[in-house]
Asker: 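Before anything else, here's the structure in question.
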Protein chains: 2
Amino acid sequence: MTVSIEAGRGAAAPGDAFNGDCPGRTVLNHVCSRWGTLILLSLRDGPVRFSALRDTIGGISEKMLSQNLRTLTRDGLIERSVEPDSPPKVSYALTDLGRELTIPLEGLLDWIGSRTIEVVKAQRRHDRQHKPGA
Amino acid sequence: MTVSIEAGRGAAAPGDAFNGDCPGRTVLNHVCSRWGTLILLSLRDGPVRFSALRDTIGGISEKMLSQNLRTLTRDGLIERSVEPDSPPKVSYALTDLGRELTIPLEGLLDWIGSRTIEVVKAQRRHDRQHKPGA
DNA sequence: CAGCATCCAAAAGGATACTG
DNA sequence: CAGTATCCTTTTGGATGCTG
């Protein structure tokens, strides 16, 4: 089995995302999930409240938002804080760990912002060539 | 309903990943899917054959590999080429568009490689505090 | 307001069998 | 080798209703 482990080391690198059994894969899946990236990026400019997140991220349900928020909090990437008011005010913010992560994520977002048009063109080109319709 | 488009702007930016209806969201989902990121990153060092990809990406099934490969090809991010041999040799390579994308993606992978340990620690800390067992 | 629980629909994903 | 097709399981996600 091609599980080449760094000579001598007792364990495979935990951060190896290519290895389906490594924690790194789990982290990748949390961060790079349907909603994870958008949630993290929504927090770039400071703490944001639950309802604001829901409004910022088009199409997310409260259930999914809540669920992802819990996962990312557990991962130490974001932090939850409650102001004991009535009605309650809960906001979420990036931790230092999470903030590091937004650097490549922002690069990804920027790329999408500028290159999506190219992708759409490619899709159309592809569809024309492969569905020579009648 | 509630399709509030940012007032003032003539059209919603196609690349706005925060908007659930924009092509940018679709692109984000293709790139940042369970397998998309790993496939793209597997192609960093040049063309790779189907079976090699399957072996590199731990846990992926042939079905998912094939499916994602088709999607990313349609998006213009990777390119499929066949050497007409018997048995056939098919390989996949990044396009210029796809290569740009690997820059932030690589940043993400690097972060995972170096910070996964911190994430695991955070998870354990969290679990200890929230499951005060007995 | 922020959220969890429940129920149900839809999509992703895996195993297997089969083709050029 | 490099897939496709089919079937079936698992996961994801949404709608709704209820709490502090």
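Chain A is the first sequence line, chain B the second, and so forth, proteins listed ahead of strands; every chain is numbered from 1.
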Asker: Expressed in angstrom and rounded to an integer, what is the separation of A:Gln67 atom CD from D:dG14 atom C1'?
Answerer: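 Taking atom C1' of D:dG14 as the reference, CD of A:Gln67 is at 11 Å.
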Asker: Applying side-chain contact (heavy atoms from CB on, under 4.5 Å), run through B:Leu69 and B:Met64 and close with a yes or a no.
Answerer: CA-CA 8 Å; B:Leu69 248 14; B:Met64 283 302 107; over 6 Å; no
Asker: Please determine if A:Arg74 and B:Asp127 form a salt bridge, counting it only when a charged side-chain N lies under 4.0 Å from a carboxylate O.
Answerer: yes
Asker: Heavy atom of residues 69-95 of chain A under 4.0 Å from DNA chain D: which residues?
Answerer: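 Output list: A:Pro88.
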Asker: To the nearest Å, give me how far apart CD1 (B:Ile39) and C1' (C:dG13) are.
Answerer: 13 Å
Asker: Using a 4.5 Å cut-off on heavy atoms from C-beta on, say whether the side chain of B:Arg25 contacts that of A:Leu38.
Answerer: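 Answer yes - side chains close enough.
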Asker: Hey, what do you get for CZ (A:Arg99) to CG (A:Leu101), rounding to the nearest 0.5 Å?
Answerer: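 Interatomic distance, A:Arg99 CZ to A:Leu101 CG, rounded to 0.5 Å: 11.0 Å.
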Asker: Show the distances under 3.5 angstrom between N or O atoms of the protein and N or O atoms of nucleotides 5-10 of chain D.
Answerer:
none

Asker: Of all the heavy-atom pairs spanning A:Pro14 and B:Ile117, show the shortest one and how long it is.
Answerer: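 In this case the closest contact between A:Pro14 and B:Ile117 is CG-CG1, 4.0 Å.
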Asker: Rounded off to whole Å, could you give me the CG-to-P distance for the B:Asn29 and C:dA12 pair?
Answerer: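 From B:Asn29 CG to C:dA12 P: 9 Å.
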Asker: Give, for atom OG of A:Ser42 and atom CD1 of A:Ile78, the distance between the pair rounded to the nearest 0.5 Å.
Answerer: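 These two atoms lie 10.0 Å from each other.
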Asker: CG/B:Leu65 to NZ/B:Lys63 distance, rounded to the nearest 0.5 angstrom?
Answerer: 13.0 Å
Asker: D:dT12 phosphate, OP1 or OP2: any side-chain N/O from A:Arg34 under 4.0 angstrom?
Answerer: no
Asker: Using whole Å, report how far CG of B:Leu65 lies from C1' of C:dG13.
Answerer: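 After rounding, the gap between these two atoms is 13 Å.
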Asker: Taking NE2 from B:His30 and P from C:dA12, how many angstroms apart are they, rounded to a whole number?
Answerer: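 Checked: the NE2 to P distance equals 9 Å.
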Asker: Could you tell me whether the phosphate oxygens of C:dC4, OP1 or OP2, come under 4.0 Å of any side-chain nitrogen or oxygen in A:Ser66?
Answerer: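 Checking C:dC4 against A:Ser66, a side-chain N or O does come within under 4.0 Å of OP1 or OP2.
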Asker: Whole-Å distance between C:dA2 P and A:Asn68 CG?
Answerer: 17 Å
Asker: At a heavy-atom distance below 4.0 Å, what parts of residues 43-59 of chain A sit against DNA chain D?
Answerer: A:Gly59
Asker: Taking atom CG of B:Asp85 as the centre, does the number of heavy atoms from other residues, nucleotides or ligands within less than 6.0 Å exceed 12?
Answerer: yes
Asker: Could you tell me whether A:Glu62 contacts a base, only the sugar-phosphate backbone, or nothing, with contacts defined as non-hydrogen atoms closer than 4.0 Å?
Answerer: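 The residue A:Glu62 makes base contact.
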Asker: So how far is it from B:Leu77 CG to B:Leu43 CG, rounded to the nearest 0.5 Å?
Answerer: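 It comes to 10.5 Å.
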Asker: Just do the side-chain contact (heavy atoms from CB on, under 4.5 Å) check on B:Trp111 and B:Thr116 with the steps written out, would you?
Answerer: CA-CA 8 Å; B:Trp111 185 91; B:Thr116 289; 5.7 Å; no
Asker: Got more than 12 heavy atoms from elsewhere within 6.0 Å of CZ, A:Arg124?
Answerer: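 At most 12 heavy atoms, drawn from other residues, nucleotides or ligands, come within 6.0 Å of this atom.
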Asker: Send over the distance from B:Met64 CE to D:dT12 P, rounded to a whole Å.
Answerer: 14 Å
